[in-house]
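This report concerns only the one structure given below.
Note that ligands are numbered from 1 as they come in the structure, with each ligand's atoms numbered from 1 the same way.
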Amino acid sequence: MHRGLDGAPRSRAVMTAYILAIDQGTTSSRAILFDAEGAPVARAQRELRQAYPRDGWVEQDPEDIWTDTLAVVRECLDRAGLAAEAVAAIGIANQRETTVLWERATGRPVHNAIVWQDRRTVELCDTLREAGHEPLVRARTGLLLDPYFSATKLRWLLDHVPDDRSRAAAGELCFGTVDSFLLFRLTGGAVHAADATNAARTMLFDLGAQRWGPDLLDLFAVPAAVLPTVMDNCADFGTTDPALFGAAIPIAGMAGDQHAALIGQACFEPGMVKSTYGTGCFALVNTGTDRVFSDHRLLTTMAYRINGRPTYALEGSVFSAGSAIQWLRDELGLLAHARDSAAMAASVPDNGGVYLVPAFTGLGAPYWDARARGAILGLTRNASAAHLVRAALEAQGYQTRDLLAAMAADMGGPPRALRVDGGLVENDWVCAFLADINGLPVERPAVTETTAQGAAYLAGLGVGVYTDLGAVAKAWRRERRFEPAMTVAERDRLYAGWTKAVGRVLHDPEGKEL
Ligand code: ADP
């Protein structure tokens, strides 16, 4: 029992209200320390090594994920000048779907992690789809039958690593996404668990029943013995092995990165959308206790599960967002820095009829056309570099409108709020255009590291730093609100041009695969 200066017993949460968030992303691992008010006080980051062993294959070494995570946590505590005892709890947010299989007895991975982008199971997915299994998968999991999700990656590991299948059935192996793997390692092998949002991205989790689906396990030939226990997003996930950081720290929150960002943006009411603009764009709308099935090719997923109560979301992913700006900078040399794009876009009065469809790797939601490729349309002899840059920034708005329109149609009403984050929204011009083209106020938070913030909020809820989601919503701070200023006629005219441009690049208007 801890005692305060007056000798009275104190709960750990009151004494030590720092929360440490681990944000283990696809390209980097970060740790951010937040104070009791939710303000970041120290951070550390490491880039993660990627391996591309064959065309379409993407792997990471789980030992790198682990050692980077340990290093950033230690660096972050060092920078803050704090000992582990000062941390009330750890929250974990992570890249989703990436699949790890390891030995229960030793914690040793049996293979590299297969990363979410990996397409090695595309034929297996085709076979299952042709055999008519997609409706079951969709009804149970809210997902589409695609290599993106963990189930076929796990099956690949079980089928290809010698002895894996028999060892898995005998309970010698543990499967997990990165949340589970980190938790297992952090607790010194004591806890094999996942949270509901990460579980929902495996394609093995029955969303309605909130448990692993026996028919899904059969379909993907996965033995139940490899699966982690599924827990709420705020829960007692165990404590860190004291040997790691010098003291045992409770792990009290866990969520997949996009879900953590939804929480970090305090989107707790149905109809609230968070949209993250990095390399790609990921938008989630809270649908409350309704598990909405999309007629517009959005995915049904968990928003979060707290106190055993699931809250659902619809998700739309766009593959190329900031990557369009990178392309203008690195391949075309039109920009010295990404941030120069705002001034260039503003240097012309309008887009001059120029549209850029950034379908570099196909189109994601709501088109799902893997074979579509990018295009620049509407060029005249007056078109300039500034028009191209403007078109790339405008594309962020149009792609968002595509997603919000799909969400509105599925939910039977427009979203209530659009909260944005990610590197690209430092660009004021983009935020203003997002507001204009969607006819919706756009809110930018004070803390733009919303993924880490969400993990910290969850952990803070878990140990009582926050009493409930209402307290988290009060802690969320807006930096700026962008009001729509464009007329409806102008908004619709510009968007009609985009719709036409997308129509020109679609390879397969029906869409087939992610
Ligand atoms: P990720 O986490 O996916 O690597 P970030 O959230 O760090 O991405 O965002 C980086 C992306 O945002 C890059 O693609 C970059 O081109 C773009 N970007 C960053 N700042 C700006 C800006 N001021 N204007 C336009 N694009 C920007």
In terms of ring plane angle, is the pair Y457 and Y466 parallel, tilted or perpendicular, where the classes change at 30° and 60°?
perpendicular

Close-contact set for ligand 1 against T279 heavy atoms, below 4.0 Å
1 (P), 3 (O), 4 (O), 8 (O)

Which ligand 1 atoms are under 4.0 Å away from a heavy-atom of S341?
24 (N), 25 (C)

Is the shortest heavy-atom distance from the side chain of Y52 to the side chain of W57 under 4.5 Å?
no

Looking only at heavy atoms, which two atoms of F245 and A84 are closest? And how far apart?
O-CB, 3.4 Å

What is the closest protein heavy atom to atom 2 (O) of ligand 1, and at what distance does it sit?
R30 NH2, 4.3 Å

Would you name the heavy atoms of A93 and A260 that are closest together and state the gap between them?
CB-CB, 3.8 Å

Measure up the Y398 and Y355 rings against each other and bin them: parallel (under 30°), tilted (30 to 60°), perpendicular (over 60°).
tilted

So is T27 polar-close to ligand 1, meaning N/O to N/O under 3.5 Å?
no

What do you reckon, does E426 have a nitrogen or oxygen under 3.5 Å from a nitrogen or oxygen of ligand 1?
no

Proximal ligand 1 atoms for S323, defined as those under 4.0 Å from one of its heavy atoms
14 (O)

Residue, atom name and distance, where the atom is the protein heavy atom closest to atom 13 (C) of ligand 1
Q326 NE2, 3.7 Å

Using a 4.0 Å heavy-atom threshold (strictly under), name the region of A342 that reaches ligand 1: side chain, backbone, both or neither.
neither

Side chain, backbone, both or neither: which applies to A338 and ligand 1 if a contact is any heavy-atom pair less than 4.0 Å apart?
both

Considering only the protein, which heavy-atom contact is closest to atom 23 (N) of ligand 1, and what is its distance?
R339 CA, 3.3 Å

Ligand 1 to G278, heavy atom cutoff 4.0 Å, flagged ligand atoms 3 (O), 5 (P), 6 (O), 8 (O), 9 (O)

Does the N or O separation between G423 and ligand 1 drop below 3.5 Å for any pair?
yes

Tell me, which protein residue and heavy-atom name are nearest atom 24 (N) of ligand 1, and how many Å apart are they?
N427 ND2, 2.9 Å

Compute the shortest N/O to N/O distance between G322 and ligand 1 and return yes if it is under 3.5 Å, no if not.
yes

Mind checking whether R478 and R419 have side chains closer than 4.5 Å, heavy atoms only?
no

Kindly confirm or rule out a cation-pi arrangement of R305 over Y312, judged by NZ or CZ under 6.0 Å from the six-membered ring centre and within 45° of its axis?
no

Between Q396 and A324 the two heavy atoms that sit nearest each other are NE2-CB, 4.4 Å

Shortest protein heavy-atom distance from atom 12 (O) of ligand 1, along with the residue and atom involved:
L424 N, 3.6 Å

Cationic tip of R401 above W498 ring, under 6.0 Å, 45° of axis:
no

Compute both the distance and the angle, then confirm whether R201 meets the cation-pi test with W116: under 6.0 Å from the six-membered ring centre, within 45 degrees of the axis.
no

